[in-house]
Amino acid sequence: MTDRPKSHGRLSISASLRPGELMTDRPRLKGAWTARVITLFPDAFPGILGLSLTGKALDQGLWALDPIDLRPFGEGKHRNVDDTPAGGGAGMVLRADVVAKALDQAALGTPGDRSRWPVIYVSPRGAPFTQATARRFAAAEGLTVLCGRFEGVDERVLEEYGVEEVSLGDFVLTGGEIAAEAMIDATVRLLPGVLGNAASTEEESHSGGLLEHPHYTRPAEWRGRAIPEVLLSGNHGAVERWRREMAERLTEARRPDLWAAYRRGTD
């Protein structure tokens, strides 16, 4: 006679995409938003994502993280994942056949509809990552992120799999892992229950097209600098008007591009 399997309620039990040594005892709530990250450095995760509120939410199973090591998909005795660029030039390029096998692994159990599960490549030539991008990712069921290394990825695999290229900014990093963590952080904090206060995400920079207003707290005066009197008035309407005015002033001064877009939207 054998024991009957126990019910796990809201917990979801699934095959891992990671080697045994990277397994954790974190729970995973059924239907939890999941980030699958294809990387040559799986030990880089969760990194900062495992700390503070995102780390607490990860431990609680509110979202899940599956680092997928690219190296085991490599070719030959040494598991080569890259080769020299066609046409010559410096550096190395991640092979299409190797990346394809990792993408196939990452796709297991995910919906084919990219609106429900985006597949992105972190690339400086991609579309800029914005708060709107984070909201779109958070509205999906999960996200697959391909972290590049060396000179990049063979273009053919990006075309074949319809991978969306997303850029963290107009600069170049040694790899996509840091950018991936930043994008995942911006997305996860929008998930229900992660921050605990939905209003906080509504008042942040970029949420309404403006930079965020200045913040103050005690002491009321510090090194000859006082908290603006309106914030101590108790007049909530006046406080709200002041915050809006400050947000508009900062945006106009620091981000003319955002200010122009905001003005177009309010005209």
Side-chain angles (χ1 to χ4, degrees), residues 17-19 22 33-50 54 63-76 78-108 110 112 114 117-134 136-138 140 142-188:
L17 295 173
R18 293 174 289 171
L22 295 179
W33 189 92
T34 301
R36 292 182 174 176
V37 184
I38 300 172
T39 172
L40 280 169
F41 299 95
D43 288 344
F45 296 87
I48 195 68
L49 298 171
T54 54
W63 71 286
L65 177 64
D66 291 329
I68 301 173
D69 190 352
L70 182 62
R71 183 65 64 183
F73 299 99
E75 295 291 321
H78 299 291
R79 297 294 181 185
N80 294 324
V81 299
D82 58 351
D83 211 324
T84 55
M92 304 290 279
V93 177
L94 291 175
R95 294 173 49 140
D97 51 354
V98 172
V99 173
K101 287 184 284 187
L103 286 170
D104 288 340
Q105 181 72 52
L108 294 176
T110 70
R114 292 297 171 80
W117 195 292
V119 178
I120 71 170
Y121 167 48
V122 180
S123 164
R125 73 178 192 181
F129 181 83
T130 65
Q131 191 68 15
T133 313
R136 174 165 63 90
F137 291 167
L143 174 72
T144 293
V145 185
L146 171 61
C147 296
R149 280 276 156 178
F150 317 120
E151 293 304 306
V153 178
D154 190 308
E155 188 72 17
R156 293 171 295 180
V157 73
L158 301 178
E159 295 173 349
E160 177 71 17
Y161 284 78
V163 178
E164 176 183 356
E165 295 187 57
V166 183
S167 171
L168 188 62
D170 295 334
F171 50 86
V172 179
L173 299 170
T174 55
E177 287 75 16
I178 293 174
E181 289 193 7
M183 294 179 187
I184 294 171
D185 180 279
T187 301
V188 166

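All values derive from a computational prediction rather than experimental measurement.
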Spacing of [atom1] belonging to [X] relative to [atom2] belonging to [Y], to within rounding of 0.5 Å:
X	Y	atom1	atom2	answer
N80	F73	CG	CZ	15.5 Å
W33	L65	CH2	CG	9.0 Å
D69	R79	CG	CZ	11.0 Å

- Query: Does the side-chain contact (heavy atoms from CB on, under 4.5 Å) test come out yes or no for L146 and V119, once each step is laid out?
  - Reply: CA-CA 8 Å; L146 171 61; V119 178; over 6 Å; no
Is any side-chain heavy atom of [Y] closer than 4.5 Å to one of [X]?
X	Y	answer
V81	L40	yes
L168	V122	no
W63	I184	yes
L70	V98	yes

Of the non-hydrogen atoms in [X] and [Y], which two are nearest, and what is the gap between them?
X	Y	result
A90	P85	O-CG, 3.7 Å
I120	M183	CD1-SD, 4.1 Å
A134	A186	CB-O, 3.8 Å

Holding to side-chain contact (heavy atoms from CB on, under 4.5 Å), I want the full list of residues that pass it with [X], two or more places apart in sequence or in another chain.
X	value
T34	R28, R36, A64, D66, W117
T133	F129, T130, R136, F137
A100	V157, Y161
L173	F171, I178, A179

- What pairs with R156 under salt bridge (charged side-chain N to carboxylate O under 4.0 Å, His left out), at least two apart in sequence or on another chain?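 Testing R156 for salt bridge (charged side-chain N to carboxylate O under 4.0 Å, His left out), a comparison that skips the adjacent residues, returns D154.
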- Test salt bridge (charged side-chain N to carboxylate O under 4.0 Å, His left out) applied to E160 - qualifying residues, sequence neighbours left out: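 Expected list: none.
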- Which pairs, with at least one residue in residues 91-106 and sequence neighbours excluded, count as a salt bridge (Lys or Arg N to Asp or Glu O under 4.0 Å)?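 For residues 91-106, and leaving out neighbouring residues, the salt bridge (Lys or Arg N to Asp or Glu O under 4.0 Å) pairs sorted by first residue read E75-K101, R95-D97.
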- Please, which pairs that meet salt bridge (Lys or Arg N to Asp or Glu O under 4.0 Å) have at least one residue in residues 166-187, sequence neighbours excluded?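 Pairs touching residues 166-187 that pass the test: R149-E177.
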- Taking side-chain hydrogen bond (donor to acceptor under 3.5 Å, both in side chains) as the test, write out the residues that go with S123, two or more places apart.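 Once residues adjacent in sequence are excluded, the partners of S123 under the side-chain hydrogen bond (donor to acceptor under 3.5 Å, both in side chains) criterion are E165.
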- Is the side chain of R114 donor-acceptor paired with the backbone N or O of E164 at a distance under 3.5 Å, no angle test?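 Judged by distance alone, no pair lies under 3.5 Å.
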